[in-house]
Amino acid sequence: MEELKRKAAYKAVKEIRDGMIVGLGTGSTTKYAILKLGEMVKNGLDVVGIATSLESERIAREAGIKVADINDYESIDVTIDGADQVDNNLNLIKGGGGALLREKIVASCSKREIIVVDESKIVSSFSFPLPVEVVKFGWKRTAEKLAKLNLKPHIRHGFVTDNGNYILDCEYDKLENVEEMEAEINNLPGVVENGLFIGLTSEVIVGKKDGIEIMRKK
Ligand code: 5RP
């Protein structure tokens, strides 16, 4: 599995050019991309990274990549990020690592969002528990509201996001009408963001046992 993740990540970094502002995703697959980018920087590539988590910022800085504040850049040229599941429309579930809020902000400011995954993440319908970031105040009441949307929320024990919030991992029987679902969840008081990434992906690079597949937006 690690080899498939690495393959996808290395393919993605080939898209990075001198002078680019690069969004740095979070997770074990993206880590391969950040480390490779660090090697390229040591060989003279000049880029500025925008990190989607404190962990990615730390990995990037250690690898020698300049990391800047997203407030200082109006847009990001390319972001490389991972996903927990990808459907046939290139919609995603993200947030397994708990970084979904910053990841979604960065994705929404990126001209190109490249997702890197191994082949096990490609699905015809979502099944991965949907992470929802909620403020600490009244989180049990927010969980009750999520349950009314036919979700079964479970607090992620012992976890606080980089933004000081909790994550509720929501199981479900079937996740339908994902566009409406994304908006409905975010409309609940107490919800900060949810892990449905709808229409944000430009392409998905899939590391497979027999090579690499690139899924593009139709
Ligand atoms: C973090 C994420 C990650 O991109 C997602 O969890 C995939 O991680 P990995 O590459 O380790 O499987 O959304 O919030």
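One-based numbering, in listed order, for ligands and for the atoms of each. Start at 1 with the first residue, then count along the sequence.
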Give every donor-acceptor pair under 3.5 Å between a side-chain atom in residues 162-170 and any protein atom, sequence neighbours left out.
{"unit_1": "D162", "atom_1": "OD2", "unit_2": "L54", "atom_2": "N", "d": "2.8"}
{"unit_1": "N163", "atom_1": "OD1", "unit_2": "R102", "atom_2": "NE", "d": "2.9"}
{"unit_1": "N163", "atom_1": "OD1", "unit_2": "R102", "atom_2": "NH2", "d": "3.2"}
{"unit_1": "N163", "atom_1": "ND2", "unit_2": "E133", "atom_2": "OE2", "d": "3.0"}
{"unit_1": "N165", "atom_1": "ND2", "unit_2": "E133", "atom_2": "OE2", "d": "2.8"}
{"unit_1": "D169", "atom_1": "OD1", "unit_2": "R156", "atom_2": "NH2", "d": "2.8"}
{"unit_1": "D169", "atom_1": "OD2", "unit_2": "R156", "atom_2": "NE", "d": "2.9"}

### Message
Test: salt bridge (Lys or Arg N to Asp or Glu O under 4.0 Å). Region: residues 116-132. Which pairs qualify, not counting sequence neighbours?
### Response
E119-K209

#### Entry: Partner residues of T142 under the side chain to side chain donor-acceptor pair (under 3.5 Å) criterion, sequence neighbours left out
none

### Task
Let me know which protein residues bring a heavy atom to under 4.0 Å of ligand 1; chain then number is fine for ordering.
T26, G27, S28, T29, D81, G82, A83, D84, K94, G95, G96, G97, G98, A99, L100, E103, K121

### Summary
d(Y172 OH, L146 CG) to nearest 0.5 Å is 13.5 Å

### Query
Roughly how far, to the nearest 0.5 Å, is CD1 of I198 from NZ of K104?
7.0 Å

### Message
Could you check whether S127 and Q85, counting side-chain N and O atoms only, form a donor-acceptor pair closer than 3.5 Å?
### Response
yes

